[in-house]
Amino acid sequence: MNEIRIQSEPFDPNIETDILRAGNPAIGGVVSFIGLMRDINEGETVSTMTLEHYPGMTEKSLQTIVDEANQRWDLLGSRVVHRVGEMKPTDPIVLVAVASKHRGEAFQACEFIIDFLKTRAPFWKKESTPEGSRWVDARHSDDEAEARWKL
Amino acid sequence: MIKVLFFASLRERLDEASLEMEAEGLADLGAVLLRLRERGGIWADVFAADQTVMMALNQEMTGTDTPVQDGDEVAFFPPVTGG
């Protein structure tokens, strides 16, 4: 089962992975990545962050990435949850969780999904700092991480 | 008509979330971008040739040489920063 969710409410990564693995004795492993909001970026204190997305396109792009992962690896389910709106330091921003028979597929598929989410899914972060608010710049290292997969 | 959407820093700088544009005479996304640039002022700055602007046609990321037609939804936005 693959689930993709975009929501403004906080979520509990443990509950999400529990649901992912529940009731399927074929699952031998779950790998998850939890992206968290940090209180410092580019040397400045960040008090809150607001995430904007492109309703419709964001869901579609995540579906495409998850479909591609399912074609590449033998998976037994996945969950992608991403928050939008305002959040505070220590909040989970994103969860990518993947279940498979053996760990290799789950590790690779999880990294693949988060790498492509970072470069292809339309989300934008805006940080509030003591100097005012600012849009976060894209990182070149994210493009390099995506390029490793050679689509 | 073509629906044109703007997101994040582009939306803020332009002070505009969306607009409609006559499709006639617009061959591709590059032509749409050029027409926006020709509005002058902040539009010329945001869509200047040296700016990194990403674009989507009907909610799929693409490039300037993608053809557009009546009824399409076009979007312009900065490089994405989710996750």
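All of these numbers come straight from a predicted model, not from anything done at the bench. Proteins get letters first, then strands, A, B, ... in listed order; numbering begins at 1 in each.
- Only the side chain of B:Glu12 comes within contact range of chain A, with heavy atoms under 4.5 Å apart.
- A chain of hydrophobic side-chain contacts below 4.5 Å, direct or via other Ile, Leu, Val, Met, Phe, Trp or Tyr residues, connects B:Leu33 to B:Leu14.
- Both the backbone and the side chain of B:Ala8 have a heavy atom closer than 4.5 Å to some heavy atom of chain A.
- Residues B:Trp43 and B:Val4 share a single hydrophobic cluster, defined by chaining ILVMFWY side chains whose heavy atoms lie under 4.5 Å apart.
- When hydrophobic clusters are built by joining Ile, Leu, Val, Met, Phe, Trp and Tyr residues whose side-chain heavy atoms come closer than 4.5 Å, directly or via intermediates, A:Leu51 is not grouped with B:Phe7.
- In the hydrophobic cluster analysis, where Ile, Leu, Val, Met, Phe, Trp and Tyr join through side-chain heavy atoms closer than 4.5 angstrom, B:Val80 is grouped together with A:Met57.
- In this structure, CE in B:Met61 is found 13.0 Å from NZ in A:Lys60, a value given to the nearest 0.5 Å.
- In the hydrophobic clustering of this structure, A:Met37 does not group with A:Ile34; members are Ile, Leu, Val, Met, Phe, Trp, Tyr whose side-chain heavy atoms approach within less than 4.5 Å, directly or through other members.
- Of the atoms belonging to A:Asp137, it is backbone heavy atoms, and not side-chain ones, that fall under 4.5 Å from chain B.
- Here the straight-line distance linking atom CD of A:Glu52 with atom CZ of B:Arg11 works out to 4.0 Å at 0.5 Å rounding.
- Annotation: B:Glu24, atom CD; neighbour count of heavy atoms from other residues, nucleotides and ligands within 6.0 Å does not exceed 12.
- For A:Ser61, no part sits under 4.5 Å from any heavy atom of chain B, backbone or side chain.
- Annotation for B:Gln59 and A:Pro55: closest pair NE2-O, 3.8 Å, computed over non-hydrogen atoms.
- By the 30° and 60° cut-offs, the orientation of the rings of A:Tyr54 relative to B:Phe77 is perpendicular.
- Annotation: A:Glu144, atom CD; neighbour count of heavy atoms from other residues, nucleotides and ligands within 6.0 Å is above 12.
- Side-chain atoms of A:Lys125 come within 3.5 Å of backbone N or O of B:Gly83 as a donor-acceptor pair.
- Side-chain contact between B:Thr81 and A:Trp124 is present, with heavy atoms from C-beta onward closer than 4.5 Å.
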